Amino acid sequence: SNSLSIIGTSVEIDRVCFYEKQIDKNDSSKIVLHSEWKSVLVKDVEDDLVPKSLFLSQIETAAKRLASRLPYEAIFADLDEDNPLKMFMGQKGVKSIMIVPVFVNDQFHGILNFKDCQDERRWSPDEQSLFKSFANSIASAIERNETANAILDSNKQLKLFKGLIK
């Protein structure tokens with residue numbers, strides 16, 4: 001969460017959210033809020049501003065780009081009224097959004113969601129590059145954690161195996 005704060009503050013945006021992919025009991029892919037940072041300008045806004053989970057089918061236009069490892073950006077005033085992104089976020093005061101995919105071990109793992117509630121903003125190439133680098137850093141951290149957990153599990157299995165052959 002501290003890293004979300006650093007990037008949100010440095011780029012002067014209002015919210016940064018990290019969502020992770022999950023498969024529900026009906027085999028539908030959804031993304032679930034993992035962590036969030038809010039600027040002081042939006043601290044008092046109700047928590048329903050940020051959906052806790054979304055089915056990828058609800059953000060189909062964005063999901064297609066994200067699956068291709070491409071970011072999705074929008075100014076909500078420009079979105080069609082029937083666009084699910086407008087229904088989920090635009091009506092809650094978000095004026096601009098940038099969504100960047102996070103891939104772990106070449107598999108879609110989640111998204112980083114950067115929101116500006118003050119301005120209808122076109123994200124600069126430098127901001128987009130920063131957001132992509134941040135997504136890659138998160139993916140690398142998750143991969144390192146998964147590798148460390150796999151090593152710990154292997155060590156446990158090895159100790160059990162050694163105990164059986166004594």
Side-chain angles (χ1 to χ4, degrees), residues 1-24 29-56 58-59 62-63 65-76 84-86 88-156:
S1 184
N2 189 36
S3 56
L4 300 181
S5 169
I6 292 168
I7 198 165
T9 302
S10 67
V11 183
E12 298 178 351
I13 54 179
D14 299 305
R15 286 185 183 270
V16 181
C17 301
F18 176 48
Y19 289 85
E20 289 186 293
K21 179 182 172 186
Q22 292 183 356
I23 306 296
D24 75 354
S29 293
K30 66 180 180 177
I31 51 173
V32 177
L33 183 64
H34 178 273
S35 51
E36 171 190 22
W37 169 82
K38 300 181 254 188
S39 77
V40 293
L41 298 174
V42 295
K43 285 266 188 213
D44 296 330
V45 177
E46 294 178 32
D47 279 340
D48 71 345
L49 181 63
V50 176
K52 303 305 178 210
S53 67
L54 290 170
F55 287 99
L56 290 175
Q58 293 173 301
I59 56 170
R65 286 188 58 84
L66 299 170
S68 298
R69 297 179 179 254
L70 298 170
Y72 177 86
E73 68 176 301
I75 293 177
F76 285 91
L85 277 173
K86 189 163 194 162
F88 283 109
M89 294 175 225
Q91 295 171 348
K92 306 286 186 181
V94 176
K95 295 190 177 182
S96 303
I97 192 166
M98 168 68 70
I99 304 171
V100 179
V102 175
F103 279 79
V104 173
N105 296 318
D106 290 325
Q107 298 293 316
F108 178 76
H109 184 85
I111 62 169
L112 280 167
N113 188 326
F114 304 91
K115 300 173 191 168
D116 191 321
C117 299
Q118 311 302 311
D119 299 308
E120 292 182 348
R121 152 187 211 155
R122 298 275 178 215
W123 305 93
S124 74
D126 288 343
E127 290 169 330
Q128 292 180 34
S129 179
L130 175 65
F131 297 159
K132 289 176 193 176
S133 293
F134 186 54
N136 289 335
S137 294
I138 288 175
S140 294
I142 292 168
E143 288 171 359
R144 282 191 304 274
N145 190 43
E146 288 177 353
T147 300
N149 287 338
I151 291 170
L152 288 173
D153 288 345
S154 293
N155 286 339
K156 287 178 187 176

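Throughout, numbering of the chain's residues begins at 1 and tracks the sequence. These numbers come from the heavy atoms of this one structure, side chains and all, not from hydrogens, waters or symmetry mates. Note that this is a predicted model, so its numbers are computed, not measured.
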Residues passing the side-chain hydrogen bond (donor to acceptor under 3.5 Å, both in side chains) test with E146, sequence neighbours excluded, are N105

Can any side-chain N or O of R15 pair as donor or acceptor with the backbone N or O of K38 at less than 3.5 Å?
-> no

Non-neighbouring partners of R122 that pass salt bridge (charged side-chain N to carboxylate O under 4.0 Å, His left out), sequence neighbours left out = D78

Work out which heavy atom in R121 is nearest to a heavy atom in V11; give both atom names and the distance.
-> NH2-O, 2.9 Å

Qualifying residues under salt bridge (charged side-chain N to carboxylate O under 4.0 Å, His left out), relative to R69, sequence neighbours excluded = D106

Specify the closest pair of heavy atoms between L70 and P101, including all atoms of both residues, with the distance to one decimal.
-> O-CD, 3.8 Å

Among all residues two or more places apart in sequence or in another chain, which pass the salt bridge (charged side-chain N to carboxylate O under 4.0 Å, His left out) test with E73?
-> none

Would you confirm whether S96, through its side chain, and D119, through its main-chain N or O, come within 3.5 Å as a donor-acceptor pair?
-> yes

What orientation do W123 and F131 show, parallel under 30°, tilted 30 to 60°, or perpendicular over 60°?
-> perpendicular

Which atom of C17 lies closest to which atom of L33, heavy atoms considered = CB-CD1, 3.8 Å

Do side-chain atoms of T147 reach the backbone of E143 as a donor and acceptor pair under 3.5 angstrom?
-> yes

Under the side-chain hydrogen bond (donor to acceptor under 3.5 Å, both in side chains) test, which residues partner D126, sequence neighbours left out?
-> none

Closest non-hydrogen contact found for S35 with L4 is OG-CD1, 3.5 Å

Locate the shortest heavy-atom distance separating N113 from K115; write the atom from each residue and the value.
-> OD1-CE, 3.1 Å

Could you check I13, D14, I97 and say which one makes a side-chain contact (heavy atoms from CB on, under 4.5 Å) with C117?
-> D14

When the ring planes of F18 and H109 are compared, do they come out parallel, tilted or perpendicular, using 30° and 60° as the limits?
-> parallel

For F76 and V94 the tightest heavy-atom approach is CD1-O, 3.4 Å

Could you grab the distance from atom NE2 of H34 to atom CD1 of I138, nearest 0.5 Å is fine?
-> 9.5 Å

Reported CD1-to-CG distance for the pair I7 and L130, which is rounded to 0.5 angstrom = 4.0 Å

Residue list, ring-ring contact (aromatic ring centres under 6.0 Å, His included) with F103, at least two apart or on another chain = F108

Which distance, rounded to the nearest 0.5 Å, do you find between the CD1 of I111 and the CD1 of I31?
-> 3.5 Å

